[in-house]
Each structure stands twice: as C-alpha cells, then as structure tokens.
Student: 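Below is the structure I would like to discuss, written out as structure tokens.
Below, each value reflects all heavy atoms present in this structure, side chains not excepted, and no hydrogens, waters or symmetry copies.
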Amino acid sequence: MSDTNEAPSAAQDYPADLMDKLVSLCKRRGFIFQSSEIYGGVGAVYDYGPLGVELKQNVRASWWEEMVHRRDDVEGVDAGILMHPDVWVASGHVEGFTDPLVECRNCHRRFREDLLESDQCPSCGMKEQFTEARQFNLMFKTFMGAVEDSTSVVYLRPETAQGIFVNFRNVLDSSRQKIPFGIAQVGKAFRNEITPGNFTFRTREFEQMEMQFFVEPGTDEEWFETWRDRRVAWVKSLGIREDRLRLHPHGPDELAHYAKDAVDLEYLLPFGWKEFEGIHNRTDFDLTAHQEKSGKKLEYVEAHSGKRFVPYVIETSIGLDRLVLVLLANAYHEEEVEGESRVVLRLHPKLAPIKAAVFPLVKKDGMPEIAREIEEDLRRSSMTVFYDESGSIGRRYRRQDEAGTPFCITVDGQTVEDGTVTVRDRDTLEQVRVPTSELRAHLRERLAGAGS
Ligand code: ATP
C-alpha cells in the first residue's frame with residue numbers, strides 16, 4: 001500500500017503537527033524511544049519504555065482474548081523466528097518478496113519507486129536522477145551455525161503466518177479441532193524496508209498478530225466476510241473513531257500473488273488513510289506449496305465422509321506496533337479545562353498503561369501514609385497504579401491525563417476524618433467520594449463498565 005496517497009482532509013480534526021507532538025510525548029512520558037539512541041539511533045527500530053510496554057501488552061492481551069480465549073475454534077502457537085530456508089522458497093518470499101528500489105544519482109539516497117510522488121528526489125530535490133528500478137528483497141539474511149556460506153543462510157521471518165502453516169498438521173493432530181478452525185500467533189517480524197518512516201508506522205522490526213482460519217473450499221467466501229466483520233467489531237471495541245476508520249477492498253491489480261480476495265482496515269492518520277490490518281483469502285496456496293516442497297501431506301480428511309481436501313485459508317493480519325500508533329493518534333486530544341490547556345490520551349481504560357494514580361493532597365497530616373496503603377492494596381489486586389506526591393494537584397492530574405490514566409484518587413483532609421477519597425474521571429473530570437474500603441470494587445466496576 002502506498003504511503004503517499006491523498007492528503008488528509010481538514011475534517012480529521014487533528015491538532016497541528018500531531019506526529020511531532022506524539023513523538024515528543026512518547027519520549028517524554030516513556031512510551032516509545034528510538035533504538036540505540038545514545039549511539040545516534042538505528043534506522044526504523046523503536047524501543048518501548050515503561051508506559052509503552054504496558055500499552056502494547058494490553059493491546060496484545062486484548063487481541064489474544066478476542067481471537068483465542070473467547071473462541072473454541074482457534075488455537076494459539078508460538079513458532080521460532082528462524083525457520084528452515086525452504087519455507088521461504090515455498091512461500092514465494094525468496095523469489096518475490098521484493099520492492100522496486102531506485103537510487104538518486106546525485107545524493108545516492110535510495111527510495112521505493114512505488115512510493116515516489118514524482119521524478120524529483122525527495123532528499124536533494126534533483127529531477128530525473130533516479131536509476132532504473134531493481135527488485136530488492138526485503139528479507140533479512142543471517143547464517144546458522146559456524147560456517148558462513150550459502151548453505152547456511154537463514155532468514156529472519158518477514159511474517160508470522162508461515163510458522164502457522166508449517167504447524168498445521170501438528171496442531172490438527174494434537175488438538176481436537178476439526179475444519180473449520182484457526183491458529184493464531186503473535187510475534188516479531190522483520191523487513192528490510194527501503195523507505196521506512198512516519199515514526200512506528202513502517203519499521204524494520206515489528207510485531208504481528210496473525211490468525212489463519214482453515215476452511216473447506218467453497219465456504220471460503222462466507223468465512224472471509226465473517227472474519228472481516230469480526231475484526232471491524234473488535235477494533236471498534238477499542239474505541240477507534242468510526243469517522244477515521246474505513247474498509248479498502250483490493251481491486252484485482254492490488255491483490256497479492258497468493259490472494260483471491262483481500263480487504264484492508266484503514267485509519268485516517270495525520271499523513272493519510274493507512275492500512276493497519278489486512279484480511280486475506282489465501283486459498284490453498286500456502287498449504288499446497290508446503291505440501292509440494294516438503295513432500296508431507298497437508299490435506300484434511302473429513303472423518304464422517306472420508307472426503308479429502310487441502311483447506312482454504314482466511315487470514316487476519318494486524319501489526320501490533322502500527323495499531324498502537326493508531327490508538328495513540330486516536331486517543332490524543334488537546335483541550336481547555338478551567339482556563340488551562342491540557343493534553344489527554346483518551347485511551348480505552350482496558351488499554352491504559354496505568355489504571356489509577358494515587359495522590360496525597362499534601363505531604364503531611366498522615367495523608368502520604370494512607371495514600372501508600374491504598375497504592376499497595378490496589379497493586380495487590382493486580383492493578384497498575386502510580387503514586388505521586390510532587391507538585392500541585394493540578395499538575396499531578398495533567399501528568400496522568402497525558403499518560404492516559406483513567407482514574408486519579410486523592411487522599412485529603414476529609415479522608416483522615418471519614419475514610420473517603422475522591423476519584424476523578426479522566427474524561428468527564430467528574431469527582432466522586434468513595435469509602436476507601438470500597439475503592440477496589442468501585443474501580444473494578446468502572447473499568448468493567450467501560451467494556452473491558
Ligand atoms: P505495506 O504495503 O504497508 O508494506 P503489507 O500490505 O505488505 O504492508 P502485510 O504483509 O499485509 O502488509 O502485513 C500485515 C500487517 O503488518 C500490516 O497491516 C501492518 O499493520 C503490519 N506491517 C507490515 N509491514 C510493517 C512495517 N514495516 N512496520 C510496521 N508494521 C508493519
């Protein structure tokens with residue numbers, strides 16, 4: 001998919017320079033850092049900090065819950081990143097996982113030809129200086145074992161899907177599943193992208209959450225629609241704005257070599273409508289290719305009828321890092337509150353890195369001690385909490401708004417007298433008084449009420 005398609009419309013109502021603001025917020029608050037920053041950074045790889053790792057973890061857990069735990073017809077696997085090199089021959093990646101690469105003769109910068117808008121170099125501005133395009137394979141190569149020659153080449157997987165296909169037989173034989181059923185996997189993938197960019201949108205190392213659903217040929221079109229609808233419902237359940245969400249069905253000239261049908265879920269980011277999930281009807285392309293290359297039978301035999309067939313596959317494939325970026329752009333708001341401006345991340349409470357912050361109003365009169373007790377109690381109930389006693393209460397609220405924390409609990413003079421605390425809601429700013437003894441249950445209820 002192109003990164004240079006139509007300019008975002010004014011209707012998307014993003015604050016000015018949102019991407020710069022997100023990058024700076026992510027660094028300042030410990031969501032996302034550039035990799036190896038003290039050495040000047042490494043191209044298109046990012047590290048997740050204390051808040052980012054919690055956010056990513058919550059998104060991953062929500063996907064797994066939806067795709068595996070809530071279903072009796074999907075099993076999980078966790079395959080190795082390194083695989084037999086023949087996997088990538090059979091899948092078509094050695095031959096065809098390429099992008100057209102051109103180089104500017106003037107500044108020697110390299111670009112993906114299909115992402116260029118004109119014959120002008122985006123780096124030095126010279127026109128008509130591009131070399132002829134050559135096909136550049138995106139797979140990272142390395143060597144397995146002590147000898148570094150062509151017989152020991154292995155690849156860092158460019159997608160997690162193949163780890164599922166090669167385990168189709170193993171899962172079928174070791175579980176009670178019958179067709180139709182699916183296999184899900186979350187894990188790292190690596191692509192030596194020619195033109196990475198837009199922060200974590202296109203990186204060279206990223207995590208995918210993929211599910212391959214094996215069906216009888218002839219039922220594939222219906223299953224494709226079922227999974228498309230389920231996936232749309234799930235992303236909406238995370239609070240993704242519907243006016244920034246659209247489906248992009250692939251035309252015949254856009255379809256990948258393995259696909260009979262495909263649809264992208266796209267989000268209107270500050271740099272245009274962009275794919276963050278793909279749903280594909282891969283037919284029997286992969287299982288047939290692996291059957292031929294490996295010589296092992298990968299067909300399914302229906303128990304009651306004896307009918308044999310190579311299953312068709314409906315794939316759902318979403319980039320975890322790209323989804324996190326979409327969720328951050330979706331959540332970012334700047335607004336005026338009581339004459340002061342605030343930045344607030346309206347993350348869905350179930351995704352928020354910190355669920356509640358605990359503040360003593362002042363650092364005396366027994367308030368810090370009570371606040372520490374509350375913090376401990378919430379931690380023991382597996383809630384992510386943050387204790388903060390520094391700065392004015394207003395500043396402490398702002399810090400949590402920026403981190404996306406849904407609830408702030410304040411211990412004040414009245415707490416010492418009657419055992420109640422205030423609970424402030426990040427979005428409505430409403431404050432209610434709750435007895436400390438009921439706080440855990442109160443928060444749990446409100447987090448669940450938000451649709452966790
Ligand atoms: P593109 O055309 O943008 O390169 P693609 O169509 O090749 O992507 P798929 O192979 O279908 O992407 O991968 C599925 C998902 O994996 C994408 O929707 C995206 O969320 C994620 N993804 C793919 N490449 C990258 C990347 N370089 N960085 C981050 N996420 C990626």
Side-chain angles (χ1 to χ4, degrees), residues 56-79 159-187 189 207-240 245 247 259-265 276-284 286-287 298 300-304 309-320 322-324 326-327 348-351 447-448 450-452:
K56 206 173 164 187
Q57 177 101 337
N58 293 341
V59 177
R60 196 191 286 113
S62 171
W63 185 89
W64 195 260
E65 167 82 16
E66 166 76 11
M67 300 297 279
V68 184
H69 289 174
R70 286 198 187 169
R71 308 203 58 85
D72 64 2
D73 56 358
V74 178
E75 306 285 344
V77 294
D78 183 13
E159 61 174 32
T160 57
Q162 301 304 325
I164 293 179
F165 295 130
V166 300
N167 279 302
F168 167 70
R169 191 75 274 145
N170 286 335
V171 174
L172 188 64
D173 292 347
S174 60
S175 69
R176 285 290 183 87
Q177 295 294 349
K178 294 188 177 63
I179 294 267
F181 79 98
I183 306 178
Q185 174 166 224
V186 178
E207 218 167 314
Q208 287 187 315
M209 306 191 288
E210 296 196 302
M211 194 277 309
Q212 314 291 328
F213 201 73
F214 301 90
V215 305
E216 184 174 348
T219 64
D220 51 306
E221 289 175 21
E222 213 174 303
W223 276 113
F224 178 82
E225 284 172 20
T226 301
W227 278 108
R228 178 198 59 203
D229 297 348
R230 284 181 183 162
R231 298 304 304 143
V232 170
W234 181 73
V235 298
K236 284 185 185 167
S237 79
L238 302 181
I240 297 255
L245 181 67
L247 289 175
K260 166 174 160 188
D261 201 357
V263 62
D264 293 339
L265 268 58
F276 64 96
E277 169 151 11
I279 296 142
H280 310 115
N281 181 343
R282 296 181 75 122
T283 69
D284 57 0
D286 305 271
L287 289 182
L298 297 177
Y300 179 76
V301 186
E302 206 172 62
H304 64 276
F309 56 87
V310 176
Y312 269 34
V313 169
I314 307 303
E315 166 183 81
T316 75
S317 173
I318 186 163
L320 174 53
R322 203 175 274 188
L323 176 59
V324 164
V326 162
L327 289 165
H348 191 294
K350 74 176 163 189
L351 304 181
L447 287 165
S452 63

Student: Could I get the full list of side-chain contact (heavy atoms from CB on, under 4.5 Å) partners for Val68, not counting sequence neighbours?
Tutor: Trp64, Val74, Ala184
Student: Please determine whether side-chain contact (heavy atoms from CB on, under 4.5 Å) holds for the pair Phe309 and Asp284, giving the CA-CA distance in whole Å, both sets of side-chain angles, and the decisive distance to 0.1 Å.
Tutor: CA-CA 9 Å; Phe309 56 87; Asp284 57 0; over 6 Å; no
Student: Within this structure, what is the CD-CG distance for the pair Glu277 and Leu245, rounded to the nearest 0.5 Å?
Tutor: 10.0 Å
Student: If the plane angle is over 60° it's perpendicular, under 30° parallel, otherwise tilted; pick one for Phe181 and Phe168.
Tutor: parallel
Student: With sequence neighbours left out, what residues match Arg282 under side-chain hydrogen bond (donor to acceptor under 3.5 Å, both in side chains)?
Tutor: Asp286, Glu315
Student: Can you name the side-chain hydrogen bond (donor to acceptor under 3.5 Å, both in side chains) partners of Glu222, sequence neighbours left out?
Tutor: none
Student: Report yes if the side chains of Thr283 and Val313 come closer than 4.5 Å at any heavy-atom pair, otherwise no.
Tutor: no
Student: Is there a side-chain contact between Phe165 and Phe214 (heavy atoms, below 4.5 Å)?
Tutor: yes
Student: Which residues satisfy the salt bridge (Lys or Arg N to Asp or Glu O under 4.0 Å) test with Arg169, sequence neighbours excluded?
Tutor: Asp173
Student: How far does CD of Glu65 sit from CE of Met67, to the nearest 0.5 angstrom?
Tutor: 12.5 Å
Student: Just to verify, what does Glu210 make a salt bridge (Lys or Arg N to Asp or Glu O under 4.0 Å) with, not counting sequence neighbours?
Tutor: none
Student: What's the verdict on side-chain contact (heavy atoms from CB on, under 4.5 Å) for Lys56 and Leu320, showing C-alpha distance, side-chain angles and the deciding distance?
Tutor: CA-CA 7 Å; Lys56 206 173 164 187; Leu320 174 53; 3.7 Å; yes
Student: If I take atom NE2 from residue His348 and atom CG from residue Leu327, how far apart are they, to the nearest 0.5 angstrom?
Tutor: 10.5 Å
Student: Considering non-hydrogen atoms only, spot the tightest contact between Phe224 and Ile279 and give its length.
Tutor: CE1-O, 3.4 Å
Student: Mind checking the NZ-CG spacing from Lys236 to Leu265? Nearest 0.5 Å is all I need.
Tutor: 9.5 Å
Student: List for me each residue that meets side-chain contact (heavy atoms from CB on, under 4.5 Å) alongside Gln185, sequence neighbours excluded, and say none if there are none.
Tutor: Val77, Asp78, Ala79, Arg157, Thr160, Ile164
Student: Say you draw a straight line from CZ of Arg228 to OG1 of Thr226; how long is it, rounded to the nearest 0.5 Å?
Tutor: 8.5 Å
Student: Go through the structure and list residues passing side-chain hydrogen bond (donor to acceptor under 3.5 Å, both in side chains) with Asn170, not counting sequence neighbours.
Tutor: Asn167
Student: Is the charged tip of Arg60 near the ring of Trp63: under 6.0 Å from the six-membered ring centre and within 45° of its axis?
Tutor: no
Student: Take Val310 and Leu298 through the side-chain contact (heavy atoms from CB on, under 4.5 Å) test and state the conclusion after the steps.
Tutor: CA-CA 7 Å; Val310 176; Leu298 297 177; 5.8 Å; no
Student: Using the salt bridge (Lys or Arg N to Asp or Glu O under 4.0 Å) criterion, which residues pair with Glu302? Sequence neighbours excluded.
Tutor: none
Student: Under a 4.5 Å cut-off applied to non-hydrogen side-chain atoms, are Gln212 and Pro311 in contact?
Tutor: no
Student: Report the residues that fulfil side-chain contact (heavy atoms from CB on, under 4.5 Å) with Val326, sequence neighbours left out, ordered by chain and then residue number.
Tutor: Ile240, Tyr267, Leu269, Phe276
Student: For Arg71, check salt bridge (Lys or Arg N to Asp or Glu O under 4.0 Å) against everything at least two apart and list the hits.
Tutor: Asp73
Student: Hey, are the side chains of Lys350 and Ser62 touching, using non-hydrogen atoms and a 4.5 Å cut-off?
Tutor: yes
Student: So which atom in Asp264 and which in Gly278 form the shortest heavy-atom distance, rounded to 0.1 Å?
Tutor: OD1-CA, 3.9 Å
Student: Tell me every residue that passes side-chain contact (heavy atoms from CB on, under 4.5 Å) with Asp220, counting only those two or more places apart in sequence or in another chain.
Tutor: Val215, Lys260, Asn281, Tyr312, Ile314
Student: Using the side-chain hydrogen bond (donor to acceptor under 3.5 Å, both in side chains) criterion, which residues pair with Gln177? Sequence neighbours excluded.
Tutor: Glu75
Student: If you round to the nearest 0.5 Å, how far is OG of Ser317 from NE2 of His280?
Tutor: 6.5 Å
Student: Under 4.5 Å between any side-chain heavy atoms of Arg230 and Thr316, yes or no?
Tutor: no
